[in-house]
Structures are given as structure tokens and as C-alpha cells.
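Lettering follows sequence order; numbering is per chain, from 1.
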Amino acid sequence: GAVVSQHPSRVICKSGTSVKIECRSLDFQATTMFWYRQFPKQSLMLMATSNEGSKATYEQGVEKDKFLINHASLTLSTLTVTSAHPEDSSFYICSARDYGGAADTQYFGPGTRLTVL
Amino acid sequence: KNEVEQSPQNLTAQEGEFITINCSYSVGISALHWLQQHPGGGIVSLFMLSSGKKKHGRLIATINIQEKHSSLHITASHPRDSAVYICAVHRGGSQGNLIFGKGTKLSVKP
């Protein structure tokens, strides 16, 4: 089946630094990718929808200047957490919509665990 | 009330038992996903279905669109099935974002 990778899988950083997370679709083109965040014992929450070649659409309550999303190609979207703070510590998961598949086909990345000290 | 409700929230079973996890939703959907999340956090998509029934190994998923209900069954459960199982519905449209249930934490004891 289709594969979505994320890098890094884990990252620990100091408060105030920026962290970039990559999401790649390895064997299909994804015009749309989604970024989710999951706090402990909570369900996944959609942060933003990333569209190749255009600006991301952010969910209510998600700061677009803090969580920068770039979807420069059909196989890569990046999420940059700027000036990270301990409250940004979370599990970040991306998913990708298969451009050539049905509209409802989404594949999930393995996630990135961010810890901000 | 959440748009996607799962039951039970927690489930403990003995190895070999037949397990059922339920998902009810209140919105119109085009598809429903069953996802598995292991303690390490990674998510695996088990099924995507929009009607009827699908089977993969010991896992069976069913959906009743009229009743807005889906079930995930695990036959001959095994400790390695221990995970959080998440139901997510797809409202369709060009964007295609999912609405997630809170998950069911399954623990299978040897």
C-alpha cells in the first residue's frame, strides 16, 4: 500500500527554537496533506490542510504564524513550529491524500514526537 | 455531543476472545476509517469503508450507513492486538479532512 514518511520521528529542542517536520508521500503524488496534533490521551486534532502550491488552510485556534506549513511539491509538506514552547510538546502526525486514488483515500505518517524543554 | 462516538472507551479481553468495538456518528459521511495506534504513537490505517463489510485477516469491519454505525471485530484476539483503535469519518468534498473518535483502548491479556 501507499507509504507516508515523517522525519524526524523524535525531536527534543530548547524553548524558543524552531523545529521543522517533514512529511513525504513515497510512492504517490499528494496534492493535499493534512497535519494533526495529538496531546496525551486525546484524539487527533486537525491543525491545517496543506495544498500543493497554495497557502495552507488552518483550523480555528491554530496560529498560522507559529505553525508554518509549506507544500512545495506533490510529495513533500513541511511543518515548522516556530519559537517552540513547552506547551507545543505533542505528537504531530501528517496524512496524505492519494492524488490518483479515490477522494477519500488517506495514508498516515508514523508521527513525530516533539518535546520542548 | 461529539460527532463521532466510540464504545467502549476501554476494553480488556483474554487472549482468544472475540472483540467488538463500536462507532456511531451523527454527520453525513462519504467514508469511515478504522485506525490502529500502538503505544509508540504510529498510526496504521486498518480499513476504509463506505458500505458493507471488509475483512483482513482476523479483523472485520462493517458499516451501516442508514443507522450511521460501524463496528470493528477482532477474532481470536492476541496480546499484540493491544492498541488504541480509532474510528474516523470522512465528510467528503475536495478537502477531505477527517473527524476522529476518541479511541478505544484495547488490552488483550495472555
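- One hydrophobic cluster, built from ILVMFWY side chains closer than 4.5 Å, cannot hold both A:F91 and A:V19; they sit in different ones.
- A:Q38 touches chain B through its side chain: at least one heavy atom from C-beta onward sits under 4.5 Å away, while N, CA, C and O do not.
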Quiz prompt | Pair B:I99-A:L46, side-chain contact (heavy atoms from CB on, under 4.5 Å): steps then yes or no | solution = CA-CA 8 Å; B:I99 305 171; A:L46 178 67; over 6 Å; no
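- Within 6.0 Å of NZ on A:K55 lie no more than 12 heavy atoms contributed by other residues, nucleotides or ligands.
- Around atom NZ of B:K68, more than 12 heavy atoms belonging to other residues, nucleotides or ligands sit under 6.0 Å away.
- Residues B:L46 and B:I74 are members of one and the same hydrophobic cluster, defined by side-chain heavy-atom contacts under 4.5 angstrom among Ile, Leu, Val, Met, Phe, Trp and Tyr.
- A:M45 and A:L114 fall into different hydrophobic clusters, where Ile, Leu, Val, Met, Phe, Trp and Tyr residues are linked whenever their side-chain heavy atoms come under 4.5 Å apart, directly or through other members.
- In this structure, chain B has a heavy atom under 4.5 Å from the side chain of A:I93, while its backbone stays farther away.
- Using a 4.5 Å heavy-atom threshold, the side chains of B:I43 and A:L44 count as touching.
- By the 4.5 Å heavy-atom criterion applied to side chains, A:F108 and B:V44 are not counted as neighbours.
- Rounded to the nearest 0.5 angstrom, B:M48 CE and A:Y107 OH are separated by 7.0 Å.
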